[in-house]
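First the structure, in the form of structure tokens, and then the observations on it.
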Number of protein chains: 2
Amino acid sequence: MTNYLDTFFTALGDPTRRAVIERLTQGPATVSELHAPHDMALPTFMKHLARLQDAGLVHSTKQGRTRTVHIETAALAQAEDWLKTQRRVWENRLDRLAELAENSNSH
Amino acid sequence: MTNYLDTFFTALGDPTRRAVIERLTQGPATVSELHAPHDMALPTFMKHLARLQDAGLVHSTKQGRTRTVHIETAALAQAEDWLKTQRRVWENRLDRLAELAENSNSH
DNA sequence: AAAAAACTTAGCCATTTAGGTAACTATATT
DNA sequence: AATATAGTTACCTAAATGGCTAAGTTTTTT
């Protein structure tokens, strides 16, 4: 029962990876540029990039020896949708309860 | 550098836990009721509930021997905010790029 | 041609995670 | 009083995660 939301949410469940996403909203960047602010070995950092790519949050292209990473616009919206749906259902339910409460008051 | 978003997103990165959240939008439920549709041992399932509670996604109260679990309304909205912010920054950036492109066309 | 830069691959390690069983506690039911 | 129900606690295991180092490949630069 594995869902795209699994890899998506766990990808965002790490501060390094969220920082990368935040950085990428400012525009594409190379692996080295993305790595620079993070105090960890490059291979370790590359694994984080791989997780982001598996989650469909970024894609990358290589030119010569440098790889440039881009944010994937659609992915953020998808998870936002899931959260929005859950919240909407919840709030509708609260509204119905409120109505029921009002009606029973008027008895 | 641990953030409330860490526990939040990883809590949602599991299908069992997302199913529990979806169920709870329909209204509160006891541990047994929540457990019933999931083919796993109860102690295992309880750990999932604990993760949801740590993430601030649910809370629960015990009456007699039964514990009732409720969804925590505010939490979903917080993560939605994070995603919305990232998407907004990204889209603003695309808009600025589009303007630049238009301006350089008019030369 | 040699050296530096920018990744990549391979493999190691500690901790966390997601699953399980067994045994226990506390409350209802009969 | 005895039994069943609803959780809870304690502990075990396999796999995934997040970190590392060392060594390799492929471009650029000098």
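Side-chain atoms are counted along with the backbone in the values below, which use heavy atoms only and exclude waters and symmetry mates. Residue numbers start from 1 in every chain, and the chains themselves are labelled A, B, ... in the order their sequence lines are given, proteins ahead of strands.
- The distance between atom CD of A/Glu33 and atom P of C/dC7, rounded to the nearest whole Å, is 9 Å.
- Nearest nucleotide to the side chain of A/Pro43, out of C/dA18, D/dC20, D/dT27: D/dC20.
- Residues B/Thr10 and B/Thr7 share a closest heavy-atom pair of OG1-O, 3.4 Å.
- What separates NE2 of B/His35 from P of D/dT5 is a distance of 15 Å, to the nearest Å.
- Here A/Ser32 reaches the OP1 or OP2 of C/dC7: one of its side-chain N or O atoms lies under 4.0 Å away.
- Contact detail for B/Leu12 and A/Phe9: the closest heavy-atom pair is O-CD1, 3.4 Å.
- Nearest-nucleotide positions on DNA chain D for A/Gly64 and A/Asp39 put A/Asp39 closer to the 5' end.
- Between the C1' atom of D/dG18 and the CE atom of A/Met46 lies a distance of 15 Å, rounded to the nearest Å.
- Within the model, atoms NE2 of A/His38 and NE2 of A/His48 stand 8.5 Å from one another, a figure rounded to the nearest 0.5 Å.
- Across C/dC7, D/dC12, D/dG19, the shortest atom-to-atom separation from the side chain of A/Lys47 is found for D/dG19.
- For the pair A/Arg65 and C/dT8, the criterion of a side-chain N or O lying under 4.0 Å from OP1 or OP2 is not met.
- Proximity of B/His48 to the phosphate of C/dG19: a side-chain N or O atom is located under 4.0 Å from OP1 or OP2.
- Nucleotide D/dG7 holds its C1' atom 13 Å from the CZ atom of B/Phe45, rounded to whole Å.
- Here B/Lys62 does not reach the OP1 or OP2 of D/dA6: none of its side-chain N or O atoms lies under 4.0 Å away.
- What separates CD of A/Gln63 from C1' of C/dA5 is a distance of 16 Å, to the nearest Å.
- Among all heavy-atom pairs drawn from A/Gln78 and A/Tyr4, the shortest one is OE1-CE1, 3.5 Å.
- Here the C1' atom of nucleotide C/dT8 and the CD atom of A/Gln53 are 14 Å apart, to the nearest Å.
- Counting only distance, with no hydrogens or angles, the side chain of A/Arg67 and the backbone of A/Val31 share no donor-acceptor pair below 3.5 Å.
- Between D/dT17 and A/Arg51, a contact under 4.0 Å exists linking OP1 or OP2 to a side-chain N or O.
- Contact check, A/Thr66 against C/dA6: no side-chain N or O comes under 4.0 Å of OP1 or OP2.
- Distance CG (A/Leu42) to P (D/dA23): 17 Å, rounded to an integer number of Å.
- The shortest distance between the side-chain N/O atoms of A/Thr44 and the OP1/OP2 oxygens of D/dG18 is not below 4.0 Å.
- With D/dG19, D/dT8, C/dC7 as the candidates, the nucleotide lying closest to the side chain of B/Arg67 is D/dT8.
- Rounded to whole Å, the distance from CZ on A/Arg17 to P on D/dG18 is 5 Å.
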